[in-house]
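Written out below as structure tokens is the structure these notes cover.
Throughout, protein chains are lettered first and strands after them, A, B, ... in sequence-line order, and every chain is numbered starting at 1.
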Protein chains: 2
Amino acid sequence: MTAETGSRARQRERTRRALLREGRRLFAEHGYAGVGLSGIVAAADVTKGALYHHFEGKPDLFRAVLEEVQGEVADAVAAAADARRDPWDQLTAGCRAFLTASTAPDVRRIMLVDGPAVLGWSTWRSLDEAGSARHLREALTGLVRAGVLRPQPVPPLAHLLSGAMNEAALWLAGSGDPGDLDDVWAAFSGMLESLRSP
Amino acid sequence: MTAETGSRARQRERTRRALLREGRRLFAEHGYAGVGLSGIVAAADVTKGALYHHFEGKPDLFRAVLEEVQGEVADAVAAAADARRDPWDQLTAGCRAFLTASTAPDVRRIMLVDGPAVLGWSTWRSLDEAGSARHLREALTGLVRAGVLRPQPVPPLAHLLSGAMNEAALWLAGSGDPGDLDDVWAAFSGMLESLRSP
DNA sequence: TACTTCACATACCAACGGTATGTGAAAGGC
DNA sequence: GCCTTTCACATACCGTTGGTATGTGAAGTA
């Protein structure tokens, strides 16, 4: 190139970032199947050679994007939970943070709709477990051990609650009525409440 | 052909059935993206011309397969519910039937994993609403009107419960332990129980 | 300076979804 | 009976896609 763009490592990181950024934008806008590698590399102003130098292929690029998205959601959940001291408040705050974060269009499309189909459900689940699902499971485990929740197996509970929130987020993202969030939260918090020890 | 294969309408129906059958089998086994039209038409012993004569394209074939699968699940749910007289028993029996039916591999892959990604979530939801989701919503509405459930908006509740069952079915299909079904059902029926009027 | 490494760019390929056109048997009218 | 139309496909073909193999020039290294 004409101008020096920094050291080799810096340029490498720039290219990788550009691919992730444009990939995320296009995947979120048109869906995984609706965007081709040519569109991604053109938007990132590189060639397919660069993409295949950084990633193993289209599914691998998508996986990297998904990990980034799930990481952000997990951070939001953790931040909301850490702002509370009471373990029960941490659970409810984390769930509420997950619900609002997952309603964002790119999260919805990449994480909830295309994710399982592109990577397969088991792979998607392991990524989810590495992200926000781990927070949920750990919070539930802690509450059961502390006696706040009735003694019961945690994994089934975590899956039921996770699935309920995922579907709720998908529905909320499509329903313009902002009052729906309150209704969903009322119903969901009622479910959580029913799990408490008497 | 050498042997007469019946009237024109009969042959048409045979070809359509063969495409749906092989499409369903291959979509369930390899996923939507993992199977090509050439594989489907070869398995059905026809050509691509036949496929495009009966369907508008690959997504339309998948939609027809999905409608068939969802119809079977809806029938199983309706049959389980109709076998009970008490409305509350109808709800629980229907949910349990959905949970067991959705654990089947082809239902899981076609309806729960690939469905939303291939057809888009809103289209998938409208198909779901035409299938088993309608039974759930109507059962909940009836129970709220009858005062069995506490007065509350039904749509959010239906989505939460539907999402919980979907995720539970996906998890159960992957977890070999048959005891998990009991645990899931215990947790889920506890959720349902918490919705009753005091 | 000579050599090696690396971060891409270029050129190319098989396979895929989709389309346009051809074809021969069944249905319908006389 | 025969002619015409319709229909249920089959055949041949095309543009695009994800993926690969190879080339290249600047950045690092001795």
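In this structure, R16(B) places its CZ atom 16 Å from C1' of dC7(D), rounding to the nearest Å. Rounded to a whole Å, the NZ atom of K58(A) is 9 Å from the P atom of dT17(D). When the C1' atom of dG18(D) is taken as reference, atom CD of E56(A) falls 14 Å away, rounded to whole Å. Rounded to whole angstrom, the span from the CZ atom of R14(A) across to the P atom of dC8(C) amounts to 11 Å. Whole-Å rounding puts the F55(B) CZ to dG18(C) C1' distance at 16 Å. The distance between atom CG of L19(A) and atom P of dA7(C), rounded to the nearest whole Å, is 14 Å. When the C1' atom of dG28(D) is taken as reference, atom CZ of R10(A) falls 17 Å away, rounded to whole Å. dG15(D) atom P lies 21 Å from atom CG of L37(A), rounded to whole Å.
Residue-level contact check: G49(A) touches the bases, meaning some heavy atom is under 4.0 Å from a base atom. Using a 4.0 Å heavy-atom criterion, one finds that V35(B) contacts the sugar-phosphate atoms exclusively. At the heavy-atom level, G36(A) lies under 4.0 Å from the strands shown only through sugar-phosphate atoms.
Distance from the side chain of S7(B) is smallest to dA27(C) among dG17(C), dG18(D), dA27(C). Listed nucleotides: dA10(D), dC9(D), dA7(C). Nearest to the side chain of T47(B): dA10(D). Set against dT20(D), dG18(C), dC8(C), the side chain of Y52(B) has dG18(C) as its closest nucleotide. Nearest nucleotide to the H54(A) side chain, out of dA10(D), dC8(C), dG18(D): dC8(C). Relative to the side chain of V46(A), the nucleotides dA9(C), dG19(D), dA10(D) differ in distance, and dA9(C) lies closest. In this structure, of dC8(C), dC9(D), dT20(D), it is dC8(C) that holds the atom nearest to the side chain of H53(A). With dG18(D), dC8(C), dG17(C) as the candidates, the nucleotide lying closest to the side chain of Q11(A) is dC8(C).
Residues passing the side chain to side chain contact (heavy atoms under 4.5 Å, CB included) test with H135(B), sequence neighbours excluded: A74(B), V77(B), A78(B). In terms of the side chain to side chain contact (heavy atoms under 4.5 Å, CB included) criterion, residue partners of V144(A) (sequence neighbours excluded) are, by chain and number, L149(A), V154(A).
Stacking of R125(A) on the aromatic ring of W171(B) is not recorded, the 6.0 Å distance cut-off and the 45° axial limit not both being met.
Of all the heavy atoms in S38(A) and V41(A), the pair that sits closest is O-CG2, 3.3 Å. Of all heavy-atom pairs spanning M111(A) and Q70(A), the tightest one is SD-CG, 3.3 Å. Taking each heavy atom of G115(A) and W124(A) in turn, the nearest pair found is C-CD1, 3.7 Å.
Distances shown here put every side-chain N or O of T15(B) at or beyond 4.0 Å from the OP1 or OP2 atom of dA8(D).
For K48(B) against dG18(C), a side-chain N or O and a base N or O form a donor-acceptor pair under 3.5 Å.
Other residues, nucleotides and ligands contribute more than 12 heavy atoms inside 6.0 Å of the CG atom of D177(A).
One N or O on the side chain of T103(B) and one on the backbone of L99(B) form a donor-acceptor pair closer than 3.5 Å.
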Are any protein N/O atoms closer than 3.5 Å to N/O atoms in nucleotides 4-6 of chain D? If there are, list each pair with its distance.
from   : atom 1 : to    : atom 2 : distance (Å)
dT6(D) : O2     : R8(B) : NH1    : 3.0

